[in-house]
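Just below is one structure, and these are the notes that go with it.
Below, all heavy atoms of this structure are taken into account, side chains as well, without hydrogens, waters or symmetry copies. Worth saying up front: this structure is predicted, and the values here are computed from it rather than measured.
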Protein chains: 2
Amino acid sequence: MSEPRWLTPDQAEVWAKYRTLRRTLQRAQDQQLQRDSGLSAADYALLAPLSESADGVLRARDLGAEVDWERSRLSHQISRMEKRGLVTREACADDARGSMVRLTEKGREAIEAAAPGHAENVRQLVFDPLTPDEVRLFGDVLDRILDAVERNSR
Amino acid sequence: MSEPRWLTPDQAEVWAKYRTLRRTLQRAQDQQLQRDSGLSAADYALLAPLSESADGVLRARDLGAEVDWERSRLSHQISRMEKRGLVTREACADDARGSMVRLTEKGREAIEAAAPGHAENVRQLVFDPLTPDEVRLFGDVLDRILDAVERNSR
DNA sequence: ACCAGCTTGTTGACATGTCACCGACTTTGC
DNA sequence: GCAAAGTCGGTGACATGTCAACAAGCTGGT
């Protein structure tokens, strides 16, 4: 039973800032999307890859890989979006287990209405306050932490 | 109607990394807490300020201010934790509208079981991979973005 | 050809989070 | 004093996310 290694005061402060940022930034994004197009962040996450794909159709498996979501979460979200007319489901020709997700006209209109405001929001809140050097270093920091999380979960 | 300002490829990459980190780090935390003590991240967030307060009691309003949660979210979470015996609710002597939240013995045992592993996890995943310079820079970046979000929501 | 094991998607139960609203109480301005 | 406005906590409806389990189809080794 070894002595626990607590965080230093500096580290605790940075950690608290990170948690605050996670929440407030999420909230700012949700509000911008809701205001500009009535979409949630979850809606936007799925509509974005769909709108960039050929014909606005993706196999559920591939859409899941794009956003790195669990299958169950994806299925639930697609059901909710289907109910609101943003996407439709179709059978998959190649693989009878599969399911194709197709962007509807309404879905395309919604993401096209939301996208410019979304990009503007991310720029204003995240990138405009940083110098190009800081953006690079921020990216490096994220890489290091991501590596550590990746190593940890394997 | 002006041309939208899209993200540069570098910015889009950093933004994608940030979103991935947000998800995977949250997941790593949830799993560590669940494994070490059966607590969720939401449980931990409330138990931590409670365990550091005098007698393990805080007024709901003040607990909410500590964690910066909405009242409704706090109330729901306290109800769930009360049902599992982690906290109890009491009347507030000063203010008849108020509600005091008290840590139970079981709640204290749970947070004390979880805390060392939590600190170790945060160190391993976030701070050990970074040099002290990078930690400082990361803190500065978070400050800048937090300021921008704060300005934006006022 | 077979079948054990893998992949794919869905579902139901439950935990979490947000929103609009209410009811009770306190504070403020007069 | 007292009415208007603000504060505090809770509730119900709903959206989101996770987990375990399932059904169906695919795949590879024999």
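Taking 3.5 Å as the limit, the base of C/dG9 and the side chain of A/H76 contain no donor-acceptor pair of atoms between them.
The existence of a salt bridge linking B/R136 and B/D133 is confirmed by a sub-4.0 Å separation between a basic side-chain nitrogen and an acidic carboxylate oxygen. Salt bridge annotation for A/D128-B/R5: present, with a cationic side-chain nitrogen under 4.0 angstrom from a carboxylate oxygen. Salt bridge B/D94/B/R59: absent, no basic N to carboxylate O contact under 4.0 Å.
A heavy atom closer than 4.0 Å to some atom of DNA chain D occurs in B/R59, B/A60, B/R61, B/R71, these being the qualifying members of residues 49-71 of chain B.
Going from atom CG of B/L74 over to atom P of C/dC19 covers 16 Å, rounded to whole Å. Protein atom CD1 of A/I78 is 11 Å distant from nucleotide atom P of C/dT11, rounded to whole Å. Nucleotide C/dT8 holds its C1' atom 5 Å from the CZ atom of A/R97, rounded to whole Å.
With a heavy-atom cut-off of 4.0 Å to chain B, the contacted part of DNA chain D has its first and last nucleotide at D/dG6 to D/dC19.
B/D30 comes within 4.0 angstrom of nothing in the nucleic acid, heavy atoms only. Using a 4.0 Å heavy-atom cutoff across all strands shown, B/R27 reaches sugar-phosphate atoms only and no base atom. Nucleic acid contact class of A/S75 (heavy atoms, under 4.0 Å, all strands): base. Residue B/R89 is classed as a sugar-phosphate contact, given heavy-atom separations below 4.0 Å to backbone atoms only.
When the nearest nucleotides of DNA chain D are assigned to A/Q77 and B/Q31 by heavy-atom distance, the more 5′-ward of the two goes with A/Q77. Residues A/A41 and A/A96 each lie close to DNA chain D; by heavy-atom proximity, the contact nearer the 5' end of the strand is made by A/A41. Where A/S79 and B/D94 each meet DNA chain C at their nearest nucleotide, the meeting point lying more 5' is that of A/S79.
Put simply, the side chain of B/K106 gets close to the backbone of B/R84: a donor and an acceptor are under 3.5 Å apart. Under the 3.5 Å distance criterion, the side-chain polar atoms of B/S53 are left unmatched by any main-chain donor or acceptor of B/L58.
In summary, the side chains of A/D30 and A/Q34 do not present any donor paired with an acceptor at a separation below 3.5 Å, with no hydrogens or angles considered. For B/R23 and B/Q26, the side-chain atoms include no donor-acceptor pair closer than 3.5 Å. Between the side chains of B/R89 and B/S79, at least one donor-acceptor pair of N or O atoms lies under 3.5 Å.
Clustering of Ile, Leu, Val, Met, Phe, Trp and Tyr side chains at separations under 4.5 Å places B/V57 together with B/M100.
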